[in-house]
Amino acid sequence: MAEPDDFASESGGITINFTHRGQQHDIEVDSEATVADLAAEIEAALFIPVANQKLMVAKLGMLKGPDFGDRRVGDLRDKKITLLGTSSAELESLASASQHAAAREAHLAEARRRQPKAIPRRDPARAHDDNTYTFMALRPLPHLPHPERSQTFLERLRDDPGVRWAMRSHKFRVGLLTEMDPLAHTEASHEGTTRILGLNRNRGEVIELRLRTDAYDGYRSYRAIRDVLCHELSHNVHGPHDANFWALCHQLEREVARADWKSHGRAVGDAEYYDPEPSEEVAYDHGGWTGGEYVLGGGGGSTSTAAAGGGAISRREVIAKAAEERLKKQKQAESGEGANGNS
């Protein structure tokens with residue numbers, strides 16, 4: 001009896017065995033056929049286009065479309081072969097699924113585009129109060145470095161949720177919120193340096209805040225400046241630093257901190273925060289231009305001559321008076337009479 005291989009030779013054909021997706025397949029081809037002919041037979045049997053076929057052949061490596069060429073199919077005889085490839089039906093199914101997904105996404109995008117946008121509702125009364133009880137103008141000092149940073153600082157104070165809440169609740173309205181030149185309202189003596197942190201002119205006409213450090217290269221703590229702003233806003237109601245003033249000031253500080261739902265402090269641009277050294281003497285304000293000079297820790301301060309006389313003094317007069325007092329203190333210190341002059 002003839003062996004199978006002898007029978008194949010006598011009949012002029014050979015059988016190629018290969019595996020595709022775990023299933024064994026046999027295809028009989030002419031012994032003189034090429035691998036390209038085998039690929040055509042595979043396409044006819046499994047509907048896998050020749051261009052998509054890849055044959056992993058033991059000891060020969062991977063054969064694909066351009067490699068089929070005129071290689072004889074006999075080279076694949078008795079070798080382990082694995083077929084890789086996707087049928088035409090599967091390719092069509094994938095293409096159809098892709099088109100369906102694209103169409104669905106386009107439909108959803110169009111639906112989202114046509115969907116009416118939600119318009120946030122705003123209480124008209126609240127909007128009116130926000131526009132009425134606020135700082136009507138913000139003004140950094142243009143001659144100082146990077147005024148845009150000071151503008152950002154002032155805007156943050158204006159838009160601070162706690163400050164806005166306090167302005168509405170107490171019906172505060174300020175004409176101008178501006179920054180103070182660090183060189184202004186600074187007095188040096190043998191006892192140290194006094195720096196005014198804020199001023200309120202005519203119960204809210206203008207509020208000045210010392211935002212910057214003395215070297216102009218940074219900004220003071222936001223929360224500290226916000227507390228100074230609460231102090232100055234209290235002068236919209238009370239001039240002297242009496243018990244009523246301090247009660248309102250501390251109330252504003254608590255209300256502002258409680259209503260601030262945003263972060264409790266962040267940098268302004270690339271500026272650095274600054275806190276006064278313990279040895280520095282800090283003054284909050286002059287109690288308003290129609291009031292007197294008040295120094296933090298000074299027991300409530302004392303009203304100026306103009307305030308005691310019932311009249312308002314101009315800013316230039318305040319500055320001139322401060323310069324005269326500073327010069328007087330310096331002369332007293334030089335003559336050894338400073339202690340008597342401050343008693």
Side-chain angles (χ1 to χ4, degrees), residues 122-186 195-213 216 218-239 248-249 252-253 255-256 259-260 262 265-269 271 273 283-291 312-319:
R122 192 177 183 188
D123 185 358
R126 169 77 172 271
H128 175 269
D129 288 348
D130 282 341
N131 293 328
T132 302
Y133 306 115
T134 185
F135 304 95
M136 306 311 297
L138 306 176
R139 185 180 304 161
L141 295 181
H143 66 278
L144 297 183
H146 302 293
E148 71 280 359
R149 294 181 181 176
S150 295
Q151 178 71 23
T152 300
F153 204 121
L154 295 172
E155 289 175 355
R156 185 183 175 195
L157 287 168
R158 178 197 62 192
D159 299 333
D160 186 296
V163 173
R164 292 171 67 92
W165 191 92
M167 297 287 283
R168 291 193 306 269
S169 299
H170 297 272
K171 301 188 182 304
F172 288 150
R173 180 185 175 95
V174 175
L176 173 65
L177 180 64
T178 184
E179 68 172 318
M180 181 187 297
D181 192 323
L183 295 183
H185 310 293
T186 300
R195 292 173 175 81
I196 303 298
L197 294 183
L199 292 172
N200 182 329
R201 185 194 308 170
N202 296 333
R203 296 182 182 270
E205 178 184 340
V206 177
I207 289 181
E208 295 184 40
L209 300 175
R210 184 186 292 268
L211 305 181
R212 301 174 183 258
T213 62
Y216 302 106
Y219 288 78
R220 296 174 181 266
S221 163
Y222 174 80
R223 295 185 66 182
I225 294 301
R226 190 174 65 177
D227 285 344
V228 175
L229 178 59
C230 293
H231 182 107
E232 299 309 325
L233 287 173
S234 300
H235 281 304
N236 284 12
V237 180
H238 304 289
L248 177 59
C249 180
L252 289 177
E253 291 175 355
E255 292 175 348
V256 168
D260 181 12
K262 293 185 177 180
R266 66 173 184 265
V268 178
Y273 283 162
Y284 269 108
D285 57 17
H286 283 285
W289 291 117
T290 57
I313 58 176
S314 68
R315 179 177 180 179
R316 179 174 298 179
E317 291 171 331
V318 170
I319 295 176

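Computed over heavy atoms, backbone and side chain alike; hydrogens, waters and symmetry mates excluded.
- Leu138 contributes atom CG, which lies 9.0 Å from atom OG1 of Thr178 (distance to the nearest 0.5 angstrom).
- In this structure Arg168 satisfies the salt bridge (Lys or Arg N to Asp or Glu O under 4.0 Å) test together with Asp130, sequence neighbours excluded.
- Of all heavy-atom pairs spanning Ala166 and Phe172, the tightest one is O-CD1, 4.3 Å.
- In terms of the side chain to side chain contact (heavy atoms under 4.5 Å, CB included) criterion, residue partners of Asp181 (sequence neighbours excluded) are, by chain and number, Leu141, His143, Leu144, Leu183, Ala184, Tyr216.
- Considering every non-hydrogen atom in both Asn200 and Arg203, the closest pair reads OD1-N, 3.4 Å.
- Here the CG-CE distance, from Leu199 to Met180, works out to 4.0 Å after rounding to the nearest 0.5 Å.
- Between the CZ atom in Arg210 and the NE2 atom in His185 there is a gap of 8.0 Å [rounded to 0.5 Å].
- Residues Ser234 and Leu252 approach most closely at OG-CD1, 3.4 Å, considering heavy atoms.
- In this structure, Arg220 and Val228 have side chains that are not in contact, with every pair of non-hydrogen atoms separated by 4.5 Å or more.
- Separation of atoms NE2 (His146) and CD (Gln151) is listed at 15.5 Å; rounding is to 0.5 Å.
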Passes side chain to side chain contact (heavy atoms under 4.5 Å, CB included), Asp159 versus Arg164? Steps please. CA-CA 6 Å; Asp159 299 333; Arg164 292 171 67 92; 3.8 Å; yes

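- Taking each heavy atom of Pro140 and Ser150 in turn, the nearest pair found is CB-CB, 3.7 Å.
- Separation of atoms CE (Met136) and CG (Leu177) is listed at 12.5 Å; rounding is to 0.5 Å.
- Between Glu253 and His231, every side-chain heavy-atom pair lies at or beyond the 4.5 Å cut-off.
- Using a 4.5 Å heavy-atom cutoff, the side chains of Phe135 and Leu154 are not in contact.
- Considering only heavy atoms from C-beta on, Arg212 comes within 4.5 Å of Pro145 through its side chain.
- The closest side-chain heavy-atom distance from Ile225 to Tyr219 is not below 4.5 Å.
- Here the side chains of Met167 and Leu233 are in contact, with some heavy-atom distance below 4.5 Å.
- For Asp160, the side chain to side chain donor-acceptor pair (under 3.5 Å) partners two or more places apart in sequence, or in a different chain, are Tyr222, Arg226.
- Rounding to the nearest 0.5 Å gives a distance of 10.5 Å between CG of Leu197 and CG of Leu211.
- Using a 4.5 Å cut-off on side-chain heavy atoms (C-beta onward), Glu232 and Val174 make no contact.
- Distance alone, capped at 3.5 Å, is enough to place a donor-acceptor pair between the Arg173 side chain and the Thr132 backbone.
- Between Val256 and Leu229 the shortest side-chain heavy-atom distance does not fall below 4.5 Å.
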